[in-house]
Amino acid sequence: MKSVCVLGNGQLGRMLKQAGEPLGIHVFPVGLDVEPALVPYQDSVITAEIERWPDTPFTQILAQHAAFVNRDVFPIIADRLTQKQLFDRLALPTAKWRTLDKSTDWSTLFDVLTPLLIVKRRVGGYDGRGQWRVRSDSTSLVPDDAYQASIVEQAIDFDGEMSLVGARDKQGHTVFYPLTHNLHQDGILKMSVVTNNVNPIMQQQAENMLSTIMHELNYVGVMAMECFIVGDTLLINELAPRVHNSGHWTQNGASISQFELHLRAILNLPMPKPDVFAPSVMVNLIGTPYNLDWLSLPLVHVHWYEKAVRAGRKVGHLNLTHHNYTCLHQTLEALTNQLPDDYITAVRWAQDKLQ
């Protein structure tokens, strides 16, 4: 079986490596400190864990490798301008948007869009970075180098956030996980919840939208689509051409995790629809030191990234899976004493979703 090289060696590359081991798939995450002689890249399939990977002579070789799956797709999705143009071309619902070209554009942008605008750098910027919420009296928040390098969206008064994680193989076969409820705080995903009562109409709408995108791009592998819930419909916010934070619950709540599913797709292995056997909660650990007390809770699966703990940094996650909502509620309640105080609101949000 072919090995896999991953452009990037963060936690997603680490979890792809972990998912490959039981299947006998050798996965090599590639960052700044890799020794090229130890990586059998000539006969490997190439993938990526992030839209902008470390730039080294070796990663440049991998990025041009003939076996880099989705090589031509990454530039389209990594640039928010071409991503939005893709949605428009496919007539898919998304927030109204415009480019930000010069400082004299503001008056027109507020007139055409909304009194509150979201400015996003076209390339880079995630977890709330490289983005600004702007009103007519706060345009000075936007730095000069953001002009001609950003898009502007109308602010959406949404009822909630959801994501859909799915995969497509080389034959065009697609499979999807259930829609996942997400809660962001300060632009960073705090918690995800998957229930057993997903709205079937919304699920079908999301699957139709994501499959349309993947087929248009001839995409192979796992892709995530983040959406706003507005009434009884979904608006696409952003795409991720890779495994995604909001799909981490699949490691313990599905028969095939998103990481294994991605490897199956890019290696052209059988890709059955994963079975989701119980509701799940994923708790993102953001700037949170390791707490041994987590291990005292039988429902908690700890996934620790072995990264230095810093404010705002994702250092791990906890997965909770159980068919009984009461058990999930009780475990979440116990976690309120084992997490920083800023998790209390998120825990209450998750408990509310598990009704």
Side-chain angles (χ1 to χ4, degrees), residues 1-31 34 38-41 43-51 53 62 67-70 74 163-170 173-178 180 189 192 194 210 214 219-225 240-278 280-285 300-307 314-321:
M1 190 178 298
K2 282 184 175 291
S3 56
V4 174
C5 292
V6 182
L7 285 160
N9 66 341
Q11 63 264 22
L12 299 179
R14 171 192 174 97
M15 288 184 275
L16 283 166
K17 179 179 176 65
Q18 292 169 343
E21 288 172 354
L23 302 181
I25 301 169
H26 297 287
V27 178
F28 299 87
V30 176
V34 71
L38 301 178
V39 180
Y41 68 93
D43 297 319
S44 295
V45 171
I46 315 300
T47 188
E49 66 148 16
I50 193 168
E51 288 84 333
W53 45 80
L62 296 184
F68 182 8
V69 183
N70 305 315
F74 270 90
S163 60
L164 181 70
V165 175
R168 180 180 182 274
D169 64 17
K170 293 179 181 179
H173 171 60
T174 57
V175 294
F176 301 94
Y177 295 101
T180 302
L189 181 65
S192 293
V194 175
L210 185 51
M214 292 194 291
Y219 183 83
V220 174
V222 163
M223 181 181 284
M225 179 180 71
R242 52 177 171 78
V243 290
H244 191 256
N245 200 168
S246 68
H248 288 356
W249 64 268
T250 63
Q251 290 171 300
N252 303 104
S255 59
I256 303 173
S257 75
Q258 64 164 344
F259 302 98
E260 180 180 334
L261 192 65
H262 184 69
L263 295 175
R264 285 172 177 249
I266 65 174
L267 291 172
N268 204 26
L269 300 174
M271 198 180 73
K273 180 177 175 59
D275 181 49
V276 177
F277 41 79
S280 293
V281 179
M282 187 281 295
V283 181
N284 239 3
L285 300 172
V300 172
H301 298 268
V302 180
H303 297 265
W304 190 250
Y305 306 155
E306 297 187 271
K307 295 160 65 173
K314 298 174 184 175
V315 293
H317 66 273
L318 309 177
N319 283 339
L320 292 65
T321 298

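Side-chain atoms of Q11 and K307 include a donor-acceptor pair closer than 3.5 Å. Side-chain contact check for N284 and N245: at least one donor-acceptor pair (N or O, by modelled atom type) lies under 3.5 Å. Between S3 and S44, the side chains place a donor N or O and an acceptor N or O closer than 3.5 Å (distance only, hydrogens not considered). A donor atom on one side chain and an acceptor atom on the other are not found under 3.5 Å apart for T321 and W249.
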### Query
Going through the distances and angles, do V69 and V45 end up as a side chain to side chain contact (heavy atoms under 4.5 Å, CB included)?
CA-CA 7 Å; V69 183; V45 171; 3.5 Å; yes
#### Entry: Test log, rule side chain to side chain contact (heavy atoms under 4.5 Å, CB included), inputs V165 and V222
CA-CA 7 Å; V165 175; V222 163; 3.7 Å; yes
### Message
Pair H317, Q251 - check side chain to side chain donor-acceptor pair (under 3.5 Å), show working.
### Response
CA-CA 11 Å; H317 66 273; Q251 290 171 300; 2.7 Å; yes
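In this structure, CH2 in W53 is found 14.0 Å from CG in N9, a value given to the nearest 0.5 Å. We find the OG1-CG distance between T180 and L189 to be 9.5 Å, quoted to the nearest 0.5 Å. Note that OH of Y177 and CG of L164 are 11.0 Å apart. Values are rounded to the nearest 0.5 Å. Distance CG/L269 to NZ/K2: 12.0 Å, rounded to 0.5 Å. Distance check: I46 CD1 to I266 CD1 gives 9.0 Å after rounding to the nearest 0.5 Å.
Considering only residues two or more places apart in sequence or on other chains, Y41 meets the ring-ring contact (aromatic ring centres under 6.0 Å, His included) condition with F58. The side-chain hydrogen bond (donor to acceptor under 3.5 Å, both in side chains) test applied to R168 returns H215, N218, not counting sequence neighbours. Shown here are the side-chain hydrogen bond (donor to acceptor under 3.5 Å, both in side chains) partners of N252, two or more places apart in sequence or in another chain: H301, H303, N319. Here F28 pairs with nothing under the ring-ring contact (aromatic ring centres under 6.0 Å, His included) rule; sequence neighbours left out. Under the ring-ring contact (aromatic ring centres under 6.0 Å, His included) criterion, F277 pairs with no residue, sequence neighbours left out.
Between M271 and V175 there is a side-chain heavy-atom pair separated by less than 4.5 Å. In this structure the side chain of C5 reaches within 4.5 angstrom of the side chain of V39, judged on heavy atoms. Counting heavy atoms from C-beta outward, V4 and L267 have side chains that approach closer than 4.5 Å. At a threshold of 4.5 Å between non-hydrogen side-chain atoms, the residues L7 and T47 do not count as touching. Annotation: side chain of W304 is in contact with side chain of V315 (closest heavy-atom distance under 4.5 Å).
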Below 3.5 Å, can you tabulate the donor-acceptor pairs from side chains in residues 253-260 to any protein atom, sequence neighbours excluded?
{"unit_1": "S255", "atom_1": "OG", "unit_2": "D275", "atom_2": "N", "d": "2.7"}
{"unit_1": "S257", "atom_1": "OG", "unit_2": "F259", "atom_2": "N", "d": "3.3"}
{"unit_1": "S257", "atom_1": "OG", "unit_2": "E260", "atom_2": "N", "d": "3.1"}
{"unit_1": "Q258", "atom_1": "OE1", "unit_2": "H244", "atom_2": "N", "d": "2.9"}
{"unit_1": "Q258", "atom_1": "NE2", "unit_2": "H244", "atom_2": "O", "d": "2.7"}
{"unit_1": "Q258", "atom_1": "NE2", "unit_2": "G247", "atom_2": "O", "d": "3.4"}
{"unit_1": "Q258", "atom_1": "NE2", "unit_2": "H248", "atom_2": "ND1", "d": "3.3"}
{"unit_1": "E260", "atom_1": "OE2", "unit_2": "R264", "atom_2": "NE", "d": "2.8"}
{"unit_1": "E260", "atom_1": "OE2", "unit_2": "R264", "atom_2": "NH2", "d": "2.8"}

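Residues V243 and L12 approach most closely at O-CD1, 3.7 Å, considering heavy atoms. Looking at every heavy atom in both residues, M214 comes nearest to T174 through CE-CG2, 4.0 Å. For the residue pair V194 and P178, the shortest heavy atom distance occurs at CG1-CB, 4.1 Å.
No donor-acceptor pair closer than 3.5 Å links the side chain of Y219 to the backbone N or O of N70. Without hydrogens or angle criteria, E51 side chain to F74 main chain gives no donor-acceptor distance under 3.5 Å. In this structure, K314 contributes its side chain and L285 its backbone to no donor-acceptor pair below 3.5 Å. Side-chain atoms of D169 never come within 3.5 Å of backbone atoms of G221 as a donor-acceptor pair (strictly under, hydrogens ignored).
By the 4.0 Å N-to-carboxylate-O rule, E306 lies close enough to R14 to be salt-bridged with it.
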